[in-house]
Amino acid sequence: METGANAPSTSRGTGEDRKTKKSVLLTLVGSGGDGVALLGDLVMWMAAHQGLYGMMVQSYGPQIRGGESAAIVRIATEEVLYEGEEADLLLCFRLSDLARFRGSMRLHDGSVVILDAVEEGTLPEWLGRTGRAPLRYPFATIEEGREVPGDPKNMLALGLLCRALGWAKGLAHAALEHRFGHRPQLLARDVAAFDRAFASGEVPALPRLVGRGVPLVVENGNEAVARGAMDAGLRFFAGYPITPSSEVMETLIDELHGRGGRVVQAEDEIAALGMVVGASFGGVPAMTATSGPGLSLMTEMMGLSSMTEVPAVIVDCQRAGPATGMPSRTEQGDLYHAVYGGHGDFPRVVLGVFDVVHARDVMHRAFLLSETWHLPVLVLSDAYIAQRRQIRDPIIETHEAPRRQRWTEGDGPSRFSMDQVTAPFRVPGTPGGQYMAAGLEHTPEGNPTADGDLHQRMNEKRFLKLETIAARTRDWCRTLGVAAAPKGIVAWGSQYGVLREWVREHPEYRAFLPEILHPFPLAALTEWRKGLESLAVVELSYQAQFHHMLASLTDMSGARSIARSGGLPFSLSELAQRLEEARP
Amino acid sequence: METGANAPSTSRGTGEDRKTKKSVLLTLVGSGGDGVALLGDLVMWMAAHQGLYGMMVQSYGPQIRGGESAAIVRIATEEVLYEGEEADLLLCFRLSDLARFRGSMRLHDGSVVILDAVEEGTLPEWLGRTGRAPLRYPFATIEEGREVPGDPKNMLALGLLCRALGWAKGLAHAALEHRFGHRPQLLARDVAAFDRAFASGEVPALPRLVGRGVPLVVENGNEAVARGAMDAGLRFFAGYPITPSSEVMETLIDELHGRGGRVVQAEDEIAALGMVVGASFGGVPAMTATSGPGLSLMTEMMGLSSMTEVPAVIVDCQRAGPATGMPSRTEQGDLYHAVYGGHGDFPRVVLGVFDVVHARDVMHRAFLLSETWHLPVLVLSDAYIAQRRQIRDPIIETHEAPRRQRWTEGDGPSRFSMDQVTAPFRVPGTPGGQYMAAGLEHTPEGNPTADGDLHQRMNEKRFLKLETIAARTRDWCRTLGVAAAPKGIVAWGSQYGVLREWVREHPEYRAFLPEILHPFPLAALTEWRKGLESLAVVELSYQAQFHHMLASLTDMSGARSIARSGGLPFSLSELAQRLEEARP
Amino acid sequence: MNPKDYRSALAPVWCPGCGDFGVLKGLTQALSDLEVPTEKLGMISGIGCSSRLVGYLNAYSFNSVHGRALPVATGLKLARPDLTVVVVGGDGDGFSIGIGHVPHAVRRDVDITYAVMDNGIYGLTKGQASPTTELEVKRGMGLAGVDERPINPALFTLSSGCGFVARTHAGNLPHVRQMLREAIQHPGFAFVHILAACATYQMPGYAEKLFQRCEMLPDDYDPTDFSAATAAADTTGDRFRLGILYRRPVEQKLAAPADVTRGRADNWSPLGGATEAEETAPGDRG
Amino acid sequence: MNPKDYRSALAPVWCPGCGDFGVLKGLTQALSDLEVPTEKLGMISGIGCSSRLVGYLNAYSFNSVHGRALPVATGLKLARPDLTVVVVGGDGDGFSIGIGHVPHAVRRDVDITYAVMDNGIYGLTKGQASPTTELEVKRGMGLAGVDERPINPALFTLSSGCGFVARTHAGNLPHVRQMLREAIQHPGFAFVHILAACATYQMPGYAEKLFQRCEMLPDDYDPTDFSAATAAADTTGDRFRLGILYRRPVEQKLAAPADVTRGRADNWSPLGGATEAEETAPGDRG
Ligand SMILES: Cc1ncc(C[n+]2csc(CCOP(=O)(O)OP(=O)(O)O)c2C)c(N)n1
Ligand SMILES: Cc1ncc(C[n+]2csc(CCOP(=O)(O)OP(=O)(O)O)c2C)c(N)n1
Ligand code: SF4
Ligand code: SF4
Ligand SMILES: [Mg+2]
Ligand SMILES: [Mg+2]
């Protein structure tokens, strides 16, 4: 695990390796009201504060509020993009809550398990076995045989966790102060509970992790998208709430205004993208964010943006579909729609997000492309990235925001001139630049036409953007592992995290992940493929959309497809099984 | 031309051959008010009445009303699906009106040209040359040097056309009686004008065509779709007007009620498909029809139909896109969206229409598949089919309308049972059958779930439909030409018409056109390809959507793409040039 | 049948204290009062906490997509006039993304009952502003769109021409039951605005204050008086008047409300002629 | 600038006798009266014969897609408060497919003028019923939906809370000019309902009859009286009252109509800080 992506390594398998690794996986399970999400948040804050990295994912049952809830927190000495499977510590207030999470957690030999003292049952079979007996702690306050309100369980748990992790009391106090400083009564109660458990706890020690000493930053994928967009010049956002993307809008409501921008909650997704197109027609960098159902509704408007050559950035946090599907589960099933959706032929760019850190960068690229080439750019994130919290380095320097080239009087070319890939943008307010942007096919000046030859030439002109972009984004991809590795994996988006660990643990593998999905960096893939003995395409899509898309671009006859529907992301063990099974 | 599609033929080239053929091409050009569309209609009616076949396409300038207008009518002794290029007769009231139609008409050596006597100009260069001097007839009534209202020009023209065609006066009278019988004054005026021109006209004779003697039927593509749907059991239609599909709804407003069905004009396309899904949830075969922009808007609802396993038929009359594009021009640019559009993975079927006669049949297939397999079926027509009038044989026998298998009490399987590809449909009103259809992922009973494994198994179940359908539609394709022909063309939809003529004239070619585009009849294509020396894919899409779709399914590395944007359909001469040019 | 016979086996996923529980209960009571056969009941919704309700009923239910319940219900009722069709949903579902369908469903006057559970917030997506969120709530919680006036659902449907408009509060069970019963009985499109507080995402104290702001229409109120209805629907005086705000006199009904094509409806038989014994005339809700 | 300076070089493709010609003329006059600089004019439309109008103006025009002019215009005006934004379109574009955006644009009260050319029909798609098609027209021409009540655009916007609602007839040029001028001057969302007959697809005699049904509001009419406005907007008595039906008194305006986020709008500069010399304060349409 400690070896860099490109350093050869002899470690193999999953179990043994991860037990000695420089990371710790905490799995926290409760019901609504137990506050495991807050508990996870506090652990993340403390980790970040001491310069440790980490990542947290959450899972809920079907109840809107009050149902089962789990927080899976991995803390590590270097950046992690995959939460792992085998809990080093499992904390569970009620055994019955576990059932809902079957398949998403597992124990290993040395796992520490903390249960409530009142729980008499045993751990379910599917969790696997730990060599240690569970620690039973009296979280619940019991009077006359019934549970009554008492010390907050999550604060007691925090005391035990700090013990296990070897984290100082003062750090926890700082975290609580940070979180509840504005509510002193609550704070006092929480600190007291924490202290009691911290003092009493006899918890087996987990591996000690040493942080970098400088505080790091906790951010989720939606925040990263929102902030990346602001850094890249975003000044107008319109959106409509939808899980798991709503937080993009919510972050912008809080943060964009201070940067001179404006946020509108539209009446629906059609209006949201319509407003974005309107604002961008006005010369202002604009964006919307949504998830599958909203993206489907934006289809017609996406074509309008492309046809009228008005830049627009569209973020799609994919969730499991079709229709309403499983709103808080991840999937990679919107790729087809992003690349091929919409009536008629029109150019658009599709980018994929790898993780929270990358989300910020990719937003810059999205605005760079849309503002330069005047077309819609789709950014595909997913629930796995959007809803995770990830600890990242603070941002030191930001790229300069791209600037749209503006037409000025005497600048010559008409708005849709065929003499250049993209003519300077005629920003309203500029004298002499008046023109019409029309969703109808149009002449270089913007006047409607029904001439088939002109239509063909306009399509040529519009699609020339894609060729131009393709020429400049040839290296917009990432590779993992060493060039000599004989086994190849191609994947995209949030598969990056688990594949990074896979390749580290299996040096016979290397992986290729495009950052730009359309136009696809085919030359880079072709070059990278050389010398491979086998190739697998890994994705969370029942239809294997990515595989099929690749097959339409290049010869994929020898490649195996490792594709399934969304829900839980791929784990290392599932990959191990599927890569084995898929052998020809 | 007379040889059947499979008979070898030695005829080559285009010019010589078509001059001796058993068909006549009339090109009629005027301005709004000249009534060339009515003139074309009357010629079509008269042809059908005597058992001749034919086809008519129209073209308009940008004016909503009153601009240039052309009707291109081809009359033949056998079914024609392609209007041809070189006019045997060009009738034009005003030379200035011709400019708009550059590229869509041409003369040959023996073309007859009829102009107004007041026109002094000469024919434009691009029309090509005829060996005959134009006939100048006084259509306009001139008094004191200015045109005044007089005899209707189109009726005068009809007189001359009947002369040229050798058609009896009585036939024309019958046509006029049929059309204007309810307005006797108008009828009398028109008959008088016709008679005057018929009596006076000295028009060179066109080849005599002998009809079958039994009256045939004139129908356009939209009427055929509407009537085919009714024959296939359609009982509920909801739609929203859009060129070029509105006539589907208009035909149904007139004809569906008498067959026990109902038509609603919805407020938009989302509502239209929503209503269709609602009606079909109620057990009633239902359909909508639209064009590109409407199809884009229906995206989310299409996924809902598939997810809830509620049958729906969606007709898309493609027009040139993207966005508003060129509403009355044809294109094949909605294929990607039909096959790949929509967030998430869901099965749908896509069928393609070849021509007006096929439109009726294909609608039966659409309902058969949707009612049997409970999924959305998209039927792709296009402006070239929708707006043409075609003469066809009367329909003698119709297929029996497919019937949805209904659940009855004791029938066992739950609505989304995984034990069968499609469980019997629970029609509201059936006691004991209550269930919930949900756009959320659901259990076999219909209850919402967020379980990834179940999601995967439900996807398997839903996609099993496509495999089952694929197994039954292996031969849903048409081939043209002889099996020994070394050169192959793959195409779809309305390319059928021109390719039928191409292959007849070029026996070294054969062609393959799928009737079902998704799931694609790949085995049939693979079998058919055998022995080919070259292969070209012909389509009206800038991006070559069909070609790319094929490439994702099979090896297309050797195939050439002959693809361009829509507007005018491919002509034989363009095909000749492109097939030549595209040689490797 | 008893009210509980109208419940399915599914347990609601709503938060403790959610106003939607009352609506579920009141609806089953109203259905029981009217003896609607469960197999003749079509329950349609979009997406939202409130839209989950259709799954809790023993009916032919359709939990469709966000904002599209009315078109789905319109198709169902037009194709199957023998069914009793009830649409339920939230303020966001109905008056944000779905608002375009409302005036059209109203003017078609298809015999559907539409009950909106208005909690003045987006519950399912965790507390964004809805079109009925009041200015002070938006200001208090820092939601988008503070300076937008809220939409008044009762006034909106009324002025779109709705023939039956009622308002009730989910906490007043007998009243919910009565309003829904009368709405279902109304021959034509009927709208019921149900104030149903969100226990999780609304401002603290919201539910109590909402309840206090309600008052019953006086006994002598004449629901056939359109201008009185407009006044009663108004909430700018901070009061919610509960009751049947408007009921169009029968003689003002257009000839054939459910027949939206030209021609007549009695020629109609679902499933391509497979007339079923149990099917009754259009408009008859058995 | 003269009215004709507001025209582009494009010749209208409308049919001879189309009502839209009058609107084009009246609009150029109103713009000339207000001396709106052409480079500061944003003209937005959807799709329809009427929506073609934006191409005939010398402006920054956007002929968008069917029914979506209001969102596009809202985005433009919020991003660029220095522009004068005018939306034009048809009855189908605005009140069928686009109707969902109307109440939301109204309640946001963004400073946009929305002029609908109501010909009671779908012109561009050749004569289908629109939401304003009257029952007798549908019956006479055998159109879909004979038994649907037409939507009254003026009443609809009024009861959605629109601060400025006027009605005019395309044949009365000075009045069209005046109404558009006042609407553009109104600070906030302004709606103008323009009766503009279709010469091609309406019933014979429709245009004449429509004209005869119009009458001016009396001189002593008080446009700040909301209930008078509701009565004046009504057309059930077969009369169309022309004039400013409603103008909300300035003191009833919400604090910051164009500022739809929390926080204030004056912090705003388009194009990521590239403040332009010619840009003026929000709301100022210089
Ligand atoms: C097309 C689409 N956009 C957005 C969403 C996300 N979404 C689900 S429910 C909802 C709003 C819920 O509010 P409301 O209708 O008032 O119901 P409540 O939960 O308050 O009962 C939203 C925005 C979605 N499912 N589909
Ligand atoms: C999404 C979509 N649906 C339908 C159409 C077809 N369409 C174009 S204009 C129009 C209606 C025109 O009526 P109206 O808005 O009243 O304008 P008018 O032509 O009467 O001025 C329709 C249905 C379209 N272009 N896009
Ligand atoms: S979030 Fe609000 S509306 Fe949704 S179930 Fe909970 S209390 Fe009810
Ligand atoms: S069809 Fe009607 S609305 Fe359209 S341009 Fe002609 S007269 Fe005007
Ligand atoms: Mg709500
Ligand atoms: Mg109109």
Side-chain angles (χ1 to χ4, degrees), chain A residues 62 103 291-293 295-297 299-300 303-304 306-308 318 320-329 331 333-334 336-337 339-346 438-441 448-453 455-456 459-460 463 541-543 545 548-549 551-553 555 557 564-568, chain B residues 62 103 291-293 295-297 299-300 303-304 306-308 318 320-329 331 333-334 336-337 339-346 438-441 448-453 455-456 459-460 463 541-543 545 548-549 551-553 555 557 564-568:
Chain A
S291 297
L295 187 70
S296 281
L297 287 172
T299 310
E300 188 196 19
L304 181 68
S306 189
M307 182 66 148
T308 55
Q318 298 169 97
T324 310
M326 308 193 303
S328 56
R329 305 292 160 151
E331 197 164 72
D334 297 354
Y336 269 172
H337 189 73
V339 175
Y340 303 115
H343 67 280
D345 292 296
F346 61 90
L440 289 150
E441 187 56 280
T449 177
D451 177 336
D453 286 339
H455 178 41
Q456 167 71 7
N459 268 335
E460 277 164 13
F463 276 94
S541 152
Y542 181 82
Q543 284 180 101
Q545 299 183 356
H548 280 96
M549 186 188 89
S552 81
L553 299 171
D555 180 15
S557 49
R564 68 156 164 85
S565 310
L568 296 176
Chain B
S291 298
L295 187 70
S296 282
L297 288 172
T299 310
E300 187 195 19
L304 181 68
S306 188
M307 182 65 149
T308 55
Q318 297 168 99
T324 310
M326 307 193 302
S328 57
R329 304 292 160 151
E331 197 164 72
D334 297 354
Y336 269 171
H337 190 74
V339 174
Y340 302 114
H343 67 280
D345 292 296
F346 61 90
L440 288 150
E441 188 55 282
T449 180
D451 178 335
D453 287 339
H455 178 41
Q456 168 71 7
N459 269 336
E460 278 164 12
F463 277 94
S541 151
Y542 182 82
Q543 283 181 101
Q545 300 185 355
H548 280 96
M549 186 187 90
S552 82
L553 300 171
D555 180 16
S557 49
R564 66 154 164 89
S565 310
L568 294 176

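Chain letters run A, B, ... following the sequence lines, proteins first and then strands; every chain starts at 1.
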If I measure from the heavy atoms of chain A, does B/R564 come under 4.5 Å with its side chain, its backbone, both, or neither?
both
May I ask you to name which of A/A551, A/S557, A/G321 has the most heavy-atom pairs under 4.5 Å with chain B?
A/A551
Using a 4.5 angstrom heavy-atom cutoff, name the option from B/T299, B/L297, B/V339 with the most pairs to chain A.
B/T299
Of the listed A/G103, A/P293, A/G303, the one with the largest count of heavy-atom pairs under 4.5 Å with chain B is A/P293
Chain B interface, residue from A/G341, A/G342, A/P62 that has the most non-hydrogen pairs under 4.5 Å:
A/G342
Most contacts with chain B, counted as non-hydrogen pairs under 4.5 angstrom, among A/S291, A/A438, A/G333
A/G333
So which of A/L295, A/L304, A/N459 has the biggest tally of heavy-atom pairs under 4.5 Å with chain B?
A/N459
Assign the ring pair B/H337 / A/H337 to parallel, tilted or perpendicular, where the plane angle (0 to 90°) is split at 30° and 60°.
perpendicular
Scan B/E441, B/E460, B/H455 and name whichever one has a side chain to side chain contact (heavy atoms under 4.5 Å, CB included) with A/S565.
B/H455
Where the side chain of B/H343 meets the backbone of A/A323, is there a donor-acceptor pair that is under 3.5 Å apart?
yes
Which region of B/E331, side chain (C-beta onward) or backbone (N, CA, C, O), has a non-hydrogen atom less than 4.5 Å from a non-hydrogen atom of chain A, or is it both or neither?
side chain
One option among A/G452, A/S328, A/S552, A/G567 has the most heavy-atom pairs under 4.5 Å with chain B, and it is A/S552
Heavy-atom distance under 4.5 Å to chain A: side chain of B/P327, backbone, both or neither?
side chain
Does any backbone or side-chain atom of A/D451 lie under 4.5 Å from a heavy atom of chain B? Answer side chain, backbone, both or neither.
backbone
As an exercise, state the distance from CZ of B/F346 to OH of A/Y542, rounded to the nearest 0.5 Å.
15.0 Å
Can you tell which part of B/T449 gets under 4.5 Å to a heavy atom of chain A, answering side chain, backbone, both or neither?
backbone
